[in-house]
Amino acid sequence: MNLEPIHPEFGARITGLDLSQPLADPDFDQIDLAINRYSLLLFEKQQMTDGAQLDFTRRFGPLEEEHVSYYSRGEVTYIGRVGNIDSAGNRVSARRIMASTGNEMWHSDSSFRETPALYSILCAYEVPEEAGETEFASARAAYRRLDRATRERIDDRVGIHDYIYSRTKVGADAVTPNQRTYMHPVRQRLVRRNPVTGDRNVFVGSHVKQIEGMPEAEARLLIERLINEVTRAESVYRHRWRAGDVMIWDNRCVLHRGCGYDAEKYHRRMHQTRVRGAVPSIAENLDS
Ligand code: OGA
Ligand code: MN
């Protein structure tokens, strides 16, 4: 197994591993360390199946249920469908395409859950011939760039993350009545720290509505400033997908967004799994 960085600030390509087979413990341990250090890992030319993806995901911890079917219909599934093709091979509804454009805002997966997702894993099966990239940026590198006064201003703050707030930005009917009933705003630390490496990062994204105890206008400015710092052009890694690509990213410290594509013209089918976070971010410790 070999590792080479794919961006100066974060991210690495790992070669020499077949993820469709059970991983030997030493290989898994290297991947586990690499995801803590690099925040984003790319494996290419993989022959994945849902079973192999679920097995790989479970090595990192318990699965997180897919949230759209869970909160809309009470259904527990662990494979999220990303793109425009459903499990029967049909194109998904226009409403679902519209709702998924919410992923084109910079976000961290499941930050609207009390215990946000640890990692997301995305396997590409069908990709559009043009566009449909996914962009990633390191919220850890961004924290390092902040001046000391800003760090001190944000270190002990709490952000309010709200799916209804972020999804209704793309259209009032992007959320279902059940989502409105069952999804409530949650509190997350504005600054998190990786327990393995000790690195701190800002924790922001499209779901952040407010900062607790801060006047709204000031909070909005600060949230936008932090998102802009994370996602400044030279800090973005833009991934052009190929079928067989598998990516895993650390939602604690990476923001990502979809770039859009022509859903009328092309098929895009990627399967997503997520590793459940261990503790609510609010219970994390910044100092030890
Ligand atoms: C995701 C996501 C963006 C994309 O899978 O979590 O945000 O490019 N995807 O589809
Ligand atoms: Mn996402």
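Both ligands and their constituent atoms are indexed starting at 1 by order of listing.
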* To do: Using a strict cut-off of 4.0 Å, indicate which atoms of ligand 1 neighbour a heavy atom of Gln272.
  => 1 (C), 5 (O), 6 (O)
* Short N-O contact, Glu64 and Arg274, less than 4.0 angstrom -> yes
* Before signing off on this row, confirm whether His256 and ligand 1 have an N or O atom pair separated by under 3.5 Å. => yes
* Would a 4.5 Å heavy-atom cut-off, applied to side chains only, mark Leu222 and Met214 as touching? -> yes
* To do: Verify side chain to side chain donor-acceptor pair (under 3.5 Å) between His107 and His256, making sure each step is shown before the conclusion.
  => CA-CA 6 Å; His107 65 282; His256 65 285; 2.9 Å; yes
* Just which atoms of ligand 1 are under 4.0 Å from any heavy atom in Asn103? -> 7 (O)
* **Under 4.0 Å to a heavy atom of Val82 - the qualifying atoms of ligand 1, by number** => 5 (O), 10 (O)
* Asked: Any salt bridge between Glu9 and Arg232, counting N to O under 4.0 Å?
  -> yes
* To do: Considering just N/O/S atoms, say which atom of Asp109 is closest to the Mn ion (ligand 2).
  => OD1
* Asked: In the protein, what heavy atom is nearest to atom 8 (O) of ligand 1, and what distance, to one decimal place, separates them?
  -> Thr134 OG1, 2.6 Å
* To do: Would you indicate which of Glu104, Met247, Arg257, His107 comes nearest to atom 7 (O) of ligand 1 when only heavy atoms are counted?
  => His107
* To do: Report yes if the side chains of Asp109 and Gln272 come closer than 4.5 Å at any heavy-atom pair, otherwise no.
  => yes
* **Ligand-residue contact atoms, ligand 1 with Asp109, heavy atoms, under 4.0 Å** => 6 (O)
* Asked: Under 3.5 Å, N or O to N or O, is Arg268 touching ligand 1 that way?
  -> yes
* **Arg148 with Glu152: basic N within carboxylate O range, under 4.0 Å** => yes
* Between Arg37 and Asp199, is there a side-chain N and carboxylate O pair less than 4.0 Å apart? -> no
